[in-house]
Amino acid sequence: MSTVADTQSRAGGRPGKKVLSDRAKGERKLGWLLAGPAFIIMVGVTAWPILQAAWTSLFNYRLTDPSAREFVGLQNYATALSDPLFWRAMGVTVGITLVTVVVELVLGFIIAMVMHRIVFPRKALRTIVLIPYSIITVVSAFAWYFGFAVDTGFANHWLNFFTFGVWEKTFDWFGSQLPALIVICLSEIWKTTPFMSLLLLAGLAQVDSSMEEAAKVDGATFGQRLTKVVLPNMKPAIMVALLFRTLDAFRIFDNIQIMTGGSQGTSSLSVLAYNATINRVQIGMGSALSVILFLCVVLIALVFIKVFKVDLAEGRS
Amino acid sequence: MPRRRTTVALIALAMAGTVGLSACGAGSDQGGGRELTWYTNPDGAVTEAGKANQAILAKMCTDEAKGEYTIRTQSLPRDASEQRQQLLRRLAAGDPGTDLMSMDPVFVAEFAEAGFLAEVPQEHRQPLTQDAVASILEVSTWKDRLIGAPMWANTQLLWYRKSVAEKAGLDMSKPVTWDQVIDAAKKTDTTVGVQARRYEGYSVWINALVEGAGGQIVKNPEATGEDLQLGIADPAGKEAARIIRKVADTGVAGPAMSSTNEETSLNTFTGADSGFMLNWPYVWASPQMAKIKNDVAWTRYPQTVAGQESKPPLGGIVLGVNAKSDNAGAAWKAVRCITSKEHQIQYMLGTGNPAANKAAYDDARIRKEFPMADQLRTSLDGGAPRPVTQYYGDVSTALQRVFSPPNEITDKTPSEADSLIHEVLNGEALL
């Protein structure tokens, strides 16, 4: 809504309050009529559960002991925020988010460039690139788990072959934190890079090819064209892709749940919230963790939109 | 409020419609033909006549009921923790469509304390409990009320390769200790199959070791919250920690000890260079075992402390009836049918899961197919269940967390587990 108002005031050229013309009033009314029902449904299905979770998080409430439900204020938040396990999970979540998003951005950009330039076989290539993204995360998590497990895996055999026997065939990838996180990140990257590259491809397609040609005529090298012409012109697309992927990566759950179940220090915030809510049926604590996770996600979105000035609508203009 | 009432009325109307329709579909008379839904744990396919799994038992009992009720089975997930989650969600939501449940014994206390389970009616108590293994009866009871009906009772045996034991010079006719088994495997460069992944099976192992050293993880199981007294930090808990660490340090559990479960240890045991395995009796009927059966023997679970009788782990399935079920009367009749001695025998023959009825072990069919029948019965009688407490889920998860990974266990681990469990129960720590 604010975007619409901003655009209008910018278009009108007059800052501050202004009297709306009949036409603008009519448009606003039409806008509410068209978007209103969807808006109400959105509020119903998203805001209501969020408010409910915020309210429940103020209680000590266990599903198997409903009679002992008591109001504890911010106790659950205090417990969570003072527990080293929470901060370790936060560290793991931030780590996974940073690593996967950066790698996905670079890989996704390379793939997008290839898809953008290759004329033949363009459709086949785009289809192939999209395959990992079309696989259910749980299935891909199992595939990567079996690939790296000591008994069923092939990864150790290949590493052993390519390092001329230096790599141990019996290396336990899921036995300690770092190797387990590496496999989790690899699986996540493999799965979602196509999404990133698709968003970036859309951005690439928007860059006016005549500008690139002009730079070429002026003698710009490939690197100069990339950094001075292509990247600045597709910044909105890059930021939107980064925003989507960061929000997504921050909520990572499936890969961790399947591969380690959160053991060996690989719990993410979502895994913690799942354990509290679903496994321990501590609805109060689970809600508190979910609210914290939600606030983190809101913060990320705010940082992107306010600090990096991402305009979700700019992708179209 | 009026709106909620309307919604309830609508749902009730919709449900009445469904019930009416399904009754028509079954073609039964009015009043009869109640459909019971039985949530079962996966137990494999059975095709031979005279053998059964839970789906076949449901069919047999439906036939025997002659229209009084029909049983429809719904499969639960394979993993015990996930089975608990799914049942818990249905029970907490007061789902009247859940009538019968196959429950791991460790769920009983938690579900019963929450009032989710119906007590066994007086008229069914004696028939459901006569000849039942004492230890499984113990876990079917919560605060002196019989909550569940024992269907089958599980226990672990020490399975070993005869050739390996002979080579190591281990006399298997006498009780062996954990140290002896580990040393024998080390000496012969073979493996000991255990379950040390961060899951329920690991708690099974820890509990058996603690109980074997004369300790108890929870000393006063029926206590609530802060009053719960733990024995994990006692000498018995330290002895358990020492043995697990020894298994990890000697490498006898294979390269991926922290990923081992029943299946991986069975695969290791039936593969090359295997020596010993702690596992449930279902492994005997598994296809992998067929190729090495001649070299395989079994004995009682190893002792934690030399000279002190071991306490084999206990598991199994207890049948419970949802307190919110609309068909409780029919459900208990179905339980009677499912757990009859003949059905327990057929179930054991079909799945390899040991009967909870001790009389079943004298049956000729059982003795033929399960040469270890006597050993099973003595193990079941001498076994120790996991702590029967409403907080078992938290206790078990905390134990698994602190004891993982096995190669980082120290003599401080048991006291860390002790304080974590207390903190979690007081709401001061996350799990």
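These figures come from a predicted structure and were not determined experimentally. The chains referred to below are lettered A, B, ... by the order of the sequence lines, with proteins before strands, and numbering in each begins at 1.
Rounding to the nearest 0.5 Å gives a distance of 13.0 Å between OG of B/S259 and CH2 of A/W173. One distance of note links OG of A/S82 with CD of B/E428; it measures 9.0 Å at 0.5 Å rounding. Here the straight-line distance linking atom CD of A/Q264 with atom CZ of B/R401 works out to 12.5 Å at 0.5 Å rounding.
The minimum heavy-atom distance between B/A429 and A/T79, with the atom names listed, is N-CG2, 3.7 Å. Between B/T264 and A/D151, the shortest heavy-atom contact is CG2-OD2, 3.7 Å. Annotation for B/F116 and A/L63: closest pair CZ-O, 4.0 Å, computed over non-hydrogen atoms.
Contact annotation for residues 414-427 of chain B against chain A (heavy-atom separation below 4.5 Å, listed by residue number): B/V424, B/G427. Within residues 267-286 of chain A, the residues having any heavy atom under 4.5 Å from a heavy atom of chain B are, by residue number, A/L272, A/Y274, A/N275, A/I278, A/N279, A/R280, A/V281, A/M285.
Contacts of B/Y199 with chain A are absent, with no heavy-atom separation under 4.5 Å from either backbone or side chain. Only the side chain of B/L88 comes within less than 4.5 Å of a heavy atom of chain A; its backbone N, CA, C and O stay farther away.
For CD of B/Q288, the number of neighbouring non-hydrogen atoms (other residues, nucleotides, ligands) closer than 6.0 Å is greater than 12. Enclosure of atom NZ in B/K246 by more than 12 non-hydrogen atoms of other residues, nucleotides or ligands within 6.0 angstrom is indicated. Within a 6.0 Å sphere centred on CD1 of A/I136, other residues, nucleotides and ligands contribute 12 heavy atoms or fewer. Within 6.0 Å of atom CG in B/D189, 12 or fewer heavy atoms from other residues, nucleotides or ligands are found, so the atom counts as exposed in its surroundings. By the 6.0 Å contact criterion, NZ on B/K412 is open, its count of non-hydrogen atoms from other residues, nucleotides or ligands being 12 or less. Heavy atoms of other residues, nucleotides or ligands lying less than 6.0 angstrom from CZ of A/F71 number more than 12.
One side chain, B/S258 or A/D172, offers a donor N or O that lies under 3.5 Å from an acceptor on the other.
Ranked by heavy-atom pairs shorter than 4.5 Å toward chain A, the options B/N267, B/D394, B/T268 are led by B/D394. Ranked by non-hydrogen atom pairs under 4.5 Å with chain B, the options A/S176, A/G262, A/A78 are led by A/G262.
In this structure, A/D83 contributes its side chain and B/L430 its backbone to a donor-acceptor pair below 3.5 Å.
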